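Numbering starts at 1 and runs along the sequence shown. These numbers come from a predicted model, not from an experiment.
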Amino acid sequence: MQGVRKRQFTFSSVYLAVALAFMFALHFYVLNHPEAKSVPYSELTADVREGKVAKVEIRSDSIMAELKAEGKEKPKLVVASRLPNVDERDFVTELEKQGVSFEGRIDKVPWWEQILGWVLPLALLAGFWGIAMRRMTKGVGPMTIGKSQAKIYDLDESKRVTFADVAGVDEAKAELVEVVDFLKHPQKYRKLGAKIPRGVLLVGPPGTGKTLLAKAVAGESGVPFFSLSGSDFVEMFVGVGAARVRDLFQQAKERSPVIIFIDELDAIGRSRGGPRAFATNDEREQTLNQLLVQMDGFDADADIIIMAATNRPEILDKALLRAGRFDRRVLVDAPGVAGRKAILEVHSRKVKLDTDVSLEVVARRTPGMVGADLASLVNEAALAAARRGSDTVSKADFDEAIDRQQLGLIKRGRVMSDDEKRRVAYHEGGHALAALSLKHADPVHRITIIPRSIGALGATLQLPTEERYLMTREELLDRICVMLGGRVAEELACSDISTGAQNDLERASETARQMICRFGMSEALGPVTYGAPSGPSFLEGPVSLVDRNFSEQTGQQIDAEVRKLVDEQHARATRIISERRPLLDALVGRLLVEETLDQPALEDLVAAYTKKAAE
């Protein structure tokens with residue numbers, strides 16, 4: 001807000017300075033007479049007697065004389081102040097004697113000079129100020145404040161977006177094909193008496209492509225696309241949002257068939273009941289009421305489809321979700337491996353990839369990333385290639401881009417001591433060795449001890465072999481064992497433990513608690529869930545269990561089971577790393593030299609150790 005005010009002040013100051021400069025120029029170059037040299041009265045009378053004066057103008061308080069030109073020089077003007085209470089008959093007589101032309105003048109400013117001197121500068125100031133205010137308010141005024149702020153994208157005004165430009169959301173595209181067909185062939189449905197759903201709500205995490213999908217529907221059907229955000233309706237004046245809703249639907253009726261897309265619908269569609277009923281917002285509620293009326297009341301023959309997007313469907317008002325309004329909900333979820341690969345292929349169309357780049361491997365390395373993240377990833381890889389002066393984007397560039405997004409920038413200025421570097425190497429080596437030794441652990445893709453800006457002094461990156469939607473008890477136990485591998489390696493190889501395992505211990509403890517409280521994976525407590533989720537979310541799920549719905553005695557049992565489960569996996573990790581200690585030492589030795597080990601180098605190291613152990 002402070003930056004906006006500063007820009008507005010600067011903008012107004014510039015226009016004011018221009019107006020003042022124009023007034024200055026007008027005053028001195030238009031209204032003023034040519035500059036005359038001021039001389040004493042005695043010098044002027046002497047010039048008259050000597051015949052040097054050609055013309056004289058006698059004013060109320062001064063006398064202006066034009067001297068005769070000498071040679072090729074221009075005539076000069078001189079002015080002298082009149083003497084008070086002195087009869088100037090002798091001066092006039094001398095003028096007649098010398099044959100000098102003279103005249104009198106009353107100092108009265110003409111009407112046109114008054115206009116130029118006062119009215120015109122004020123009008124210029126008012127004009128400049130009006131332009132500045134219009135630029136600062138972007139056209140918002142008493143006559144336009146109730147107008148819709150929607151941006152209209154016609155096919156001839158913007159680049160056409162089709163389903164070919166949208167990847168990784170095949171299920172959502174299949175749901176919207178029917179909408180496209182209705183906009184192309186509405187009579188086919190009307191002959192059968194069918195009604196297409198007028199409201200389509202796109203639900204999904206941020207960055208999954210909800211807006212792009214809506215544009216693709218408009219591009220496929222060939223109709224205008226009205227796009228605006230939910231916050232565009234709401235202003236500080238009550239009733240403005242409702243007026244903008246009416247204007248939006250009026251414009252849509254005039255250009256039907258059309259698609260109206262409202263992004264971030266929860267800005268105006270929050271539930272009006274529950275605890276929020278006490279914190280009312282008249283402007284938002286009036287806007288929501290008007291939207292509900294328009295969605296129910298617009299002409300049935302008008303081919304208008306309302307599409308909206310939100311990542312918080314659980315807080316929307318129930319009236320919005322009832323039949324006849326947003327009755328069709330399309331989930332635009334985070335893509336799987338195949339979806340991420342398709343998205344990477346779309347965003348890398350204009351990028352020159354090296355032969356060693358496998359988009360499938362990149363897709364497997366980026367679980368949880370959505371379309372916006374993958375687009376940024378491809379761009380970061382291209383920037384990395386440009387920084388090193390390459391003509392193509394290589395596998396190393398994608399590795400750097402993934403590390404930059406997941407771990408942060410390399411902290412080149414952070415210099416660790418030899419003891420710290422050795423401890424980090426053993427810590428990451430412990431994670432890797434535990435993952436290599438367990439059946440259900442994901443394969444290790446890369447190990448690094450290069451510090452990153454997010455706080456990681458090193459990282460062990462694992463590459464899932466397949467997309468998982470369920471996890472068994474054995475898989476969760478193996479995951480906890482891998483988490484504790486770094487702490488165990490420090491205990492065995494270093495003289496003391498450090499704070500480096502803080503995040504590992506937090507994740508291991510939380511995983512164990514979720515196994516017992518949510519998944520019913522404890523033999524002592526049985527198949528029962530304990531604790532209520534903290535703020536359930538449709539998309540993200542509960543983050544932690546905070547509401548106690550169990551007794552104090554059960555809580556003690558839960559704590560004991562969590563401790564028992566973590567201790568068992570700690571002992572298991574200790575046994576694994578102790579048995580393969582030579583491999584851990586060899587791995588740490590390579591890490592201290594090379595700082596980063598990829599999967600091929602790690603496989604060669606393990607193969608050499610296995611061969612040596614067999615001999």
Side-chain angles (χ1 to χ4, degrees), residues 139-140 142-158 160-161 176 178-202 211 213-235 239-265 267-269 283-309 317 319-328 330:
V140 176
M143 302 302 295
T144 62
I145 195 169
K147 295 292 184 180
S148 170
Q149 305 296 312
K151 296 180 181 179
I152 305 175
Y153 298 93
D154 288 319
L155 295 181
D156 56 347
E157 295 179 359
S158 63
R160 183 173 180 175
V161 179
L176 296 174
E178 191 176 90
V179 176
V180 174
D181 191 52
F182 172 78
L183 289 170
K184 285 184 176 180
H185 314 288
Q187 297 302 327
K188 181 175 71 172
Y189 294 87
R190 289 173 181 157
K191 288 179 181 179
L192 298 174
K195 296 181 179 179
I196 198 73
R198 291 301 182 90
V200 180
L201 182 62
L202 303 177
T211 304
L213 197 57
K215 286 185 178 181
V217 172
E220 290 284 344
S221 55
V223 299
F225 181 76
F226 286 66
S227 175
L228 73 167
S229 172
S231 60
D232 290 336
F233 290 107
V234 183
E235 288 286 349
V240 172
R244 289 179 176 176
V245 171
R246 289 191 294 269
D247 184 70
L248 171 64
F249 279 86
Q250 183 60 38
Q251 292 184 42
K253 290 177 185 179
E254 295 173 356
R255 306 189 61 171
S256 64
V258 299
I259 291 177
I260 297 176
F261 178 69
I262 304 175
D263 201 4
E264 304 298 341
L265 181 64
I268 59 172
E283 166 64 358
R284 183 178 59 80
E285 290 194 4
Q286 286 194 23
T287 304
L288 175 58
N289 291 336
Q290 187 63 45
L291 178 62
L292 295 175
V293 171
Q294 290 292 337
M295 291 187 69
D296 252 353
F298 61 77
D299 190 359
D301 295 331
D303 299 332
I304 301 175
I305 290 182
I306 315 298
M307 300 185 70
D317 195 278
L320 272 174
L321 305 179
R322 74 156 176 82
R325 289 177 180 145
F326 289 109
D327 49 2
R328 176 167 294 190
V330 178

Of all heavy-atom pairs between [X] and [Y], which one has the smallest distance, and what is that distance?
| X | Y | result |
| --- | --- | --- |
| L176 | M307 | CD2-CE, 4.1 Å |
| F226 | V258 | CE1-CG1, 3.9 Å |
| I268 | L288 | O-CB, 3.4 Å |
| I262 | S229 | CG2-C, 4.4 Å |
| D317 | A319 | OD1-N, 2.9 Å |
| L265 | F326 | CD2-CE1, 3.8 Å |

Considering only heavy atoms from C-beta outward, does the side chain of [X] approach that of [Y] to under 4.5 Å?
| X | Y | result |
| --- | --- | --- |
| L183 | I259 | yes |
| Q290 | Q286 | no |
| L248 | Q294 | no |

How many angstroms lie between atom CG of L192 and atom CD of Q187, to the nearest 0.5 angstrom?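 Separation between the atoms: 11.0 Å.
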
If you round to the nearest 0.5 Å, how far is CZ of R244 from CG of D247?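 Interatomic distance, D247 CG to R244 CZ, rounded to 0.5 Å: 9.5 Å.
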
How are the rings of F225 and F261 set relative to one another: parallel (under 30°), tilted (30 to 60°) or perpendicular (over 60°)?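 Geometry flag for F261 against F225: parallel rings.
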
List in chain and number order the residues that pass salt bridge (Lys or Arg N to Asp or Glu O under 4.0 Å) with K184, two or more places apart in sequence or in another chain; answer none if no residue qualifies.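 Listed in chain order: nothing, the list is empty.
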
Run the side-chain contact (heavy atoms from CB on, under 4.5 Å) test on V293 and F249 for me, step by step, so that the C-alpha distance in whole Å, both residues' side-chain angles and the decisive distance to 0.1 Å come before the verdict. CA-CA 11 Å; V293 171; F249 279 86; over 6 Å; no

Not counting sequence neighbours, which residues clear side-chain hydrogen bond (donor to acceptor under 3.5 Å, both in side chains) with E264? List them please. none

Pair N289-E285, side-chain donor/acceptor within less than 3.5 Å: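 The answer is no; no qualifying pair exists.
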
